[in-house]
Amino acid sequence: MKLRFYNTLTQKKEEFEPIEKGRAGMYSCGPTVYNFAHIGNLRTYIFNDLLRRVILENGIKLDHVMNITDVGHLTSDADEGEDKMLAGAKRENKSVWEIAKFYEESFFNDISLLNIQKPEILCRATDHIDDMINMEKKIEDNGCAYFAGGNLYFDTSKIDDYGKLARLKVEDLQYGARTEIDENKRNNSDFVLWFTKSKFGDQDMKWDSPWGTGYPGWHIECCAMSSRYLGEQFDIHTGGIDHIPVHHTNEIAQAEAAIGKKPWVKYWLHGEFLVMDKGKMSKSSGEFLTLKLLVDKGYDPLAFRFLCLGAHYRKQLMFSWEAMEGASQGYKNLKNRISELMKNEQSYDGDKKRSYYLERFSGFINDDLNIPQALALLNDMIKDNKLGSKEKLDITKHFDQVFGLKLLEKEETDIPEDVLALADKREKARGEKNYTLSDKYRDMIREKGFEIRDSKDGQTIEKL
RNA sequence: GGCGGCGUAGCCAAGUGGUAAGGCAGCGGUCUGCAAAAUCGCUAUCAUCGGUUCAAAUCCGGUCGCCGCCUCCA
């Protein structure tokens, strides 16, 4: 099955044909490190990770770049609102640089817990200010920028297909619906390339530029960094669905204005939101769920990954504690079944089922990442009595290179001495058929968070 | 106002023209001293109305409800 993706740009599923055969260049919009990532953000990074793994599964070499946005960005172009980094710094009484470092580390910790592979290249915006300035110079040279009110703006009227990604009809947009309108703009859809006029005079993060001391607009960093690491034109750009109308629209406008070629990026893939019953999760509205909270409630981070794998990346996923509990149980059960297979490895495959499952799997994942169906296939495969446990484990291992659920890993949990002692007593009592006593010990063990499971070969102790 | 999308069992969800995947929960059986774990089996006509078609959850139109975006957002 050929690899196909849904391309936001064409609104169709398309066969993936990289610019260079056998090699893909991919850029993913990363986090702004001014606060913890919430589980909605993390869903998008899980989507990126699945995309990575599916590309690699197809034997394609991958250059994956992700940015870390550590430059403060205002909530609007009109010098209104707060600088997010600065707000974070004030909130925690730290410097903006400390804030960036702290939340960057927190982000890396989260993605590691979720078994998200690190991109080949991770790059910080503040390390690439020169690249941004250079690209902005090109945009200015190509006549697509103007200077007004102390800021350098991008002139969207110079782009005949502005808004093509989101199919924006510029005249129908309601500007100023939620933010102040910037009087310096020639067109409502114009945006800032470089700020010099900021109401934050004591700003730590500022750099010299041909337009004066200041800092870059938001959209330019992705263009500049992707261009540095992947070349002027490349294959795939990903991000959350919210980036389509503004961030990615403006990236395309800038990049194509700077390089003078189209298309800048061939395939655009966007991950849908994780939503709560009251709508999406948002950092600015205060309340949001972090991975740490899930862990504190006793959930395995990979159970959250499992939850995300159960829904297609282009569909909203409804998060609730009930759904989380279901995913947690489902993940535990799945691992239990697999560890059961490991106890008794038998090899047989009468009906060539192995190749059947591998083909079906590749069909699902290559069809625009249909991970939910691939996961259903795994369940079917494990239950298939035409296949030996050895084959099942083999296939599971193969599938798990894409799922990333650590299905074959058994976590080593140390069983405390007192639990071991109780287990011995329980086994002894049970041997003597003193079931009242042995059940009492079993209850005591359960209260300590461990569970006794009996089998032909005697009892085992599992952590609850 | 414009744009994008959704409504499938108690819950999370796949399926987008050929007669409803999978998981969780629940119920019943096997196993077990009893449990647990494992295992087998059972449980929906797809918001609603109308149309197209031999055939629709899937296509078209209406209605109701919901969500996202329109310069902070994953």
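Convention: sequence-line order gives letters A, B, ...; per-chain numbering from 1.
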So for [X] and [N], does any side-chain atom that can act as donor or acceptor lie under 3.5 Å from a complementary atom in the base?
X	N	answer
Asp439(A)	rG33(B)	yes
Asp454(A)	rA35(B)	yes
Arg430(A)	rG33(B)	yes

message = Expressed as a whole number of angstroms, how long is the span from Arg314(A):CZ to rG15(B):C1'?
response = 13 Å

query = Tell me: CG of Asn35(A) to C1' of rA74(B), nearest whole Å?
reply =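 Rounding to the nearest Å, CG of Asn35(A) and C1' of rA74(B) are 14 Å apart.
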
request  = Provide the Watson-Crick or G-U wobble partner of rC3(B), both distances under 3.5 Å; none if there is no partner.
outcome  = rG68(B)

ask   = So what's rG50(B) paired with, Watson-Crick or G-U wobble, going by both distances under 3.5 Å?
value =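 rG50(B) is paired, partner rC60(B).
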
Just compare [options] and give me whichever is closest to any side-chain atom of [X].
X	options	value
Lys315(A)	rU16(B), rC12(B), rA74(B)	rU16(B)
Asn336(A)	rA14(B), rC12(B), rA37(B)	rA37(B)
Asn370(A)	rC67(B), rA14(B), rG4(B)	rA14(B)
Pro372(A)	rC34(B), rA37(B), rA14(B)	rA14(B)

key: Geometric class of the Phe107(A)/Tyr45(A) ring pair [parallel <30°, tilted 30-60°, perpendicular >60°]   =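 The rings of Tyr45(A) and Phe107(A) stand perpendicular, inter-plane angle above 60°.
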
Within the pair [X] and [N], is there a side-chain N or O less than 4.0 Å away from OP1 or OP2?
X	N	value
Lys332(A)	rA38(B)	no
Arg337(A)	rU39(B)	yes
Asn333(A)	rC24(B)	yes
Asn379(A)	rG22(B)	no
Asn188(A)	rU71(B)	no

query = Between Asn370(A) and Asp367(A), do the side chains contain an N or O donor and an N or O acceptor separated by less than 3.5 Å?
reply = no

inquiry  = Looking only at side-chain N and O atoms, does Tyr146(A) offer a donor or acceptor that is under 3.5 Å from a partner on Asp190(A)?
reply    =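 Looking only at side-chain atoms, Tyr146(A) and Asp190(A) do form a donor-acceptor pair, the distance falling under 3.5 Å.
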
query = Would you call Lys397(A)-Asp400(A) a salt bridge at under 4.0 Å N-O?
reply =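 A salt bridge is absent here (no side-chain N lies under 4.0 Å from a carboxylate O).
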
request  = May I ask you to say whether Asp49(A) pairs ionically with Arg53(A), meaning some side-chain N is under 4.0 Å from a carboxylate O?
outcome  = yes

task = Using the C1' atom as the reference point in each nucleotide, state the distance between rG33(B) and rA20(B) in Å, no decimals.
result = 43 Å

